[in-house]
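We use all heavy atoms of the structure for the numbers below, so side chains are in, but hydrogens, waters and symmetry mates are not. Fair warning: this is a prediction, and the values are worked out from it, not measured in the lab.
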Amino acid sequence: MSGAGEKGPATTKTPADFLKSIRGRPVVVKLNSGVDYRGILACLDGYMNIAMEQTEEYVNGQLKNKYGDAFIRGNNVLYISTSKRTLGEGA
């Protein structure tokens, strides 16, 4: 044990911990194609398949479509990020 940082196990977060913690929260899912989907993360599985609610599709930063529920196949996902804006903003 190197002792560098000396952080206990309570402060160590894995990617799986992060994904569990953001379930039910607003997220941005960026696809390999460059399209963004913003909505509430309903659930995801080990293959990174994602189910979202109140989903909005953004192409080149512009809103293109709104979906009630959306399912995104995991092999298309570039990254998942927590959203800094609230959904329904300006509505």
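The side-chain heavy atoms of D36 and V29, taken from C-beta on, include no pair separated by under 4.5 Å. Between P26 and Q54 the shortest side-chain heavy-atom distance does not fall below 4.5 Å. The shortest distance between side-chain heavy atoms of T55 and R38 does not fall below 4.5 Å. K64 is not listed as a side-chain neighbour of Y58, based on a closest heavy-atom distance of 4.5 Å or more.
Summarising the geometry of N32 relative to N75, their closest heavy-atom pair is ND2-O, 3.2 Å, with the distance given to 0.1 Å. Residues I80 and I22 approach most closely at CG2-CD1, 3.9 Å, considering heavy atoms. Here the closest non-hydrogen pair linking E57 and Y67 is OE1-OH, 3.2 Å. Residues G39 and M52 approach most closely at N-CE, 3.2 Å, considering heavy atoms.
Put simply, CE on M48 and CD1 on I72 are 11.0 Å apart, with the number rounded to the nearest 0.5 Å. The distance from the CZ atom of R25 to the CG atom of L41 is 10.0 Å, given to the nearest 0.5 Å. Distance check: K13 NZ to F18 CZ gives 7.5 Å after rounding to the nearest 0.5 Å. Taking CZ of R23 as the reference point, atom CD1 of I40 lies at 13.0 Å (rounded to 0.5 Å).
For the 3.5 Å distance criterion, the side chains of E56 and Y37 fail to qualify, holding no donor opposite an acceptor.
Listed for the N60 side chain is no donor-acceptor partner under 3.5 Å among the backbone atoms of Q62. Judged by distance alone, with hydrogens and angles left aside, the side-chain atoms of N49 form no donor-acceptor pair with the main-chain N or O of L44 at under 3.5 Å.
Each of F71 and V35 belongs to its own hydrophobic cluster when Ile, Leu, Val, Met, Phe, Trp and Tyr are linked at side-chain heavy-atom distances under 4.5 angstrom.
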